[in-house]
**Student:** 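Once you've had a glance at the structure underneath, I'll fire off some questions.
Proteins come first, then strands; the chains are lettered A, B, ... in the order of their sequence lines, and each starts at number 1. We use all heavy atoms of the structure for the numbers below, so side chains are in, but hydrogens, waters and symmetry mates are not.
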Amino acid sequence: MSVVLQVKEFAASAIKDLYGFEIAPSGILVNATKPEFTGDYTIVLFAFVKQLKKSPDVLGQELGEYLVKQHPDFYTSFNVIKGFLNLEIGDAYWQAFTQKEYSNTAYGIATTHKGKVMVEYSSPNTNKPLHLGHLRNNFLGWSIAEILKANGNDIVKTCIVNDRGIHICKSMIAWELFANGATPASTSTKGDHFVGDYYVKFNDAYKGQVKELVAGGMTEELAEKEAPIMKQAQQMLVDWEAGKPEVMKLWKEMNSWVYEGFDQTYKEIGSDFDKIYYESNTYLLGKDLVEKGLEKGVFYQKEDGSVWIDLTGDGLDEKIVRRKDGTSVYITQDIGLAEMKQKEFNADQSIYVVGDEQNYHFKVLKLICQKLGLPSADGIYHLSYGMVELPTGKMKSREGTVVDADDLVAELINDAKETTQAKLEERNALKEFSQEELDQLYKTIGLGALKFFLLRVDPKKKMIFDPKESIDIHGFTGPFVQYTYARIRSILRKEANANFATLSTSELLPLEKDVIKHLEQFADTIGDAANEHDPSKIAIYLFNLAQAFNTFYNKHSISNAESEDKKQLRLQLAQLTAQTIKTGMGLLGIQVPERM
RNA sequence: GGACCGGUAGCUCAGCUGGAUAGAGCAGCUGCCUUCUAAGCAGCAGGUCAUUGGUUCGAAUCCAAUCCGGUUCACCA
């Protein structure tokens, strides 16, 4: 049990013992004591002064005395200031904690089993390469999956690949028209970029044709419909749905190029999936559910034959679920896919990592599933995240301001290379690394900086990213945390033969205790991050931990500690800090270097 | 127009189930490397928490209104 929870439970039972008043531990407000007061944790008393008919001072005094008397191994002292009961927890308790956990490589990871969660993320279109926005999605999805796993859940990571539709046909038709049989191999181009280039070529040709038609006297609206290349793309979609062999062949081939490119990117950034769904297999799902919905009266049919649901009673609008021609719309296949996932994996919760522009869509999706009484309904959770914008505003593919994921990753790794080389030379340490180790190090730092940057902000907030400015390495950053880790590892290597274990008690210095208090909060932090689906909680925690350790490190020597006791304690503390950083950064998908 | 999200230091962000004098990082300024990696540490400076009103012992946090920015309300996905 965490210290904070322990404080709450002791307080709840003390209030019951003293005043016969039942109060839930979760109803007691406990904060970390402000540094200017004595104590570790503080109970805010105002909440119950009325019910207990006591003044805050009297209540604090009585409660404090009782708690210290009842739990002498836990509390050593208390003081009451203006309605705040400050409690000090004994050094012996903190030291026992350190002693117990310092060699635990699974420190912070939940051991109880909570449930099963599906996380759908990434979900790319197969007509163009990944960009900066996808990176936020991928890092968030991967991280929240790891966090939920660490909090005791079984995880199924999934991805729905949007591998069919008019956008794919655009790339396909442009390839037929302009490629002369070129392939990624023949042009030495990464497959997803290759296909993306033809998507761009389609749009260029299309724009040109529209312009010509308008010049010939056609209205723009009509020209956009009549442009020959657009009609060709639309025909190709019809042919695809009819399963026309040569279209299928081209579609399969171009998609395979894209997948090869995606695989490379996913490998580089560390995304992986347990189960991949393809829209080409799922786009017809949900039709039977429309029928069931009609029977149940959840849906209704209009005169033209189209099928709708009325959500105005829930503050939303009417939503179509089947066109008058009998074909289904986007949300219908999502309903079908939700059911399919449920049948296949029977998860307790199904998380969709999708941008906030689809907030309405997911609200509707969940509501419809609930009204249909589907077992998957209540578990639907939209992990909505804000767009990544440039200093100049939103990324626009038409204006060529889209930041390519591969390019960005390569740039940041190169930035890391330059900084790292300079730092290592400064310390005359470059020669200690093999070329292979160096390349790995640059990647670890560059990707670490990027992932930390994108994950340190509350997901639901939009964020601004300036690709022209390399990511900072000072302060609240990935490299700062990595550096803290590397320094600790350096000490631990030198002290590999030291005695860690036989600790006898001594008084803790304030900076020692501060690090231990941070360490103790790790499991609670994972719990918060999991409950709120928010990896930034982990990033902030790790930064605070690293900073607390650095402050301690700067002031007190580990190797040349004042006494053998102190050295052992500090070695334990350093090792547990390193382990916690490693585990915590792992939850963000960030590796940590042994030396840097 | 309806719905939803955001507005906290020059910049990027914490804090938001109401609690002590609103916190970090960056940028700016001062110090600290004969001692475990200075990608570090210590300090200074920087705020009408968008505005107005309300709820109460107490509001950045809750409520209402207003202003600003964004998203969405397709027989697109």
**Student:** Which whole-number value in Å describes the distance from A:Asp534 CG to B:rC16 P?
**Tutor:** 11 Å
**Student:** Taking the side chain of A:Lys363 as heavy atoms from C-beta outward, which of B:rA77, B:rU12, B:rA3 is closest to it?
**Tutor:**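 Looking only at heavy atoms from C-beta outward on A:Lys363, the closest nucleotide is B:rA3.
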**Student:** Please report, rounded to the nearest Å, how far the C1' atom of B:rG40 is from the CD atom of A:Glu426.
**Tutor:** 12 Å
**Student:** If we take the P atom in both B:rA42 and B:rC57, what is their distance in whole Å?
**Tutor:** 41 Å
**Student:** If you measure from the P atom in B:rG18 to the same atom in B:rU56, how many Å do you get, rounded?
**Tutor:**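 It comes out at 15 Å once rounded to the nearest Å.
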**Student:** Is there a donor in the side chain of A:Asn359 and an acceptor in the side chain of A:Ser384, or the other way round, less than 3.5 Å apart?
**Tutor:**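 Judged by distance alone, the side chains do pair up.
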**Student:** Of all the nucleotides listed (B:rU12, B:rC26, B:rG19), which has the minimum atom distance to the side chain of A:His474?
**Tutor:** B:rC26
**Student:** I want to verify a distance call: between B:rA39, B:rC41, B:rU35, whose nearest atom is closest to the A:Ile473 side chain?
**Tutor:** B:rA39
**Student:** Using atom P of each nucleotide, how far apart are B:rU51 and B:rG10 to the nearest Å?
**Tutor:** 13 Å
**Student:** Between B:rU12, B:rA20, B:rA14, which one does the side chain of A:Phe84 approach most closely?
**Tutor:** B:rA20
**Student:** Short question: side chain of A:Ser306, backbone of A:Lys324 - any donor-acceptor pair under 3.5 Å?
**Tutor:** no
**Student:** What interatomic distance, in whole Å, is found between P of B:rC26 and the corresponding atom of B:rG69?
**Tutor:** 32 Å
**Student:** Does the side-chain ring of A:Phe37 lie flat on the base of B:rA20, meaning centres under 5.5 Å and planes less than 30 degrees apart?
**Tutor:**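 Answer is yes, a stack.
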**Student:** Using Watson-Crick or G-U wobble geometry with both distances under 3.5 Å, which nucleotide pairs with B:rC32?
**Tutor:**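 By the stated definition (distances under 3.5 Å), B:rG40 pairs with B:rC32.
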**Student:** Under 3.5 Å, is there a donor-acceptor pair between the side chain of A:Thr282 and the main chain of A:Leu285?
**Tutor:**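 Not a single qualifying donor-acceptor pair exists.
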**Student:** Which value, in whole Å, describes the distance between the P atoms of nucleotides B:rG54 and B:rG43?
**Tutor:**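 Result for the P pair: 41 Å, nearest Å.
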**Student:** Rounded to whole angstrom, note down the P distance from B:rC5 over to B:rG47.
**Tutor:**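 Here B:rC5 and B:rG47 have their P atoms 31 Å from each other.
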**Student:** A:Asn554 side chain N/O closer than 4.0 Å to the phosphate oxygens (OP1, OP2) of B:rG40?
**Tutor:** no
**Student:** Can you identify which nucleotide, out of B:rC41, B:rA20, B:rC36, has its nearest atom closest to the A:Ser490 side chain?
**Tutor:**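 That would be B:rC36.
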**Student:** Looking only at atom C1', what distance separates B:rG2 and B:rG15, rounded to whole Å?
**Tutor:** 32 Å
**Student:** Quick one: do A:Arg427 and A:Glu432 make a salt bridge, cutoff under 4.0 Å?
**Tutor:** no
**Student:** Of the nucleotides B:rC36, B:rA39, B:rA20, which has the atom closest to the A:Thr33 side chain?
**Tutor:** B:rA20
**Student:** Among B:rA20, B:rU37, B:rA77, which is the nearest nucleotide to the side chain of A:Tyr553?
**Tutor:**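 Nearest to the side-chain atoms of A:Tyr553, counting from C-beta on, is B:rU37.
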**Student:** From the list B:rA20, B:rU72, B:rA38, which nucleotide is the closest neighbour of the side chain of A:Glu357?
**Tutor:** B:rU72
**Student:** State which of B:rA39, B:rC36, B:rG6 makes the closest approach to the side chain of A:Lys461.
**Tutor:**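 The nucleotide sitting nearest to the side chain is B:rG6.
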**Student:** Can you tell me how far C1' in B:rU8 sits from the matching atom in B:rG46, rounded to whole Å?
**Tutor:** 14 Å
**Student:** Output yes if the stacking criterion (under 5.5 Å between centres, under 30° between planes) is met for A:Phe46 over the base of B:rG58, else no.
**Tutor:** no
**Student:** Under 6.0 Å between ring centres, would you say that holds for A:Phe552 and A:Phe549?
**Tutor:**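 Ring centres of A:Phe549 and A:Phe552 closer than 6.0 Å.
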**Student:** Of the nucleotides B:rA38, B:rG6, B:rA20, which has the atom closest to the A:Lys460 side chain?
**Tutor:** B:rG6
**Student:** Could you verify whether a donor N or O on one side chain and an acceptor N or O on the other, from A:Glu88 and A:Thr38, lie under 3.5 Å apart?
**Tutor:**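 Short answer, no.
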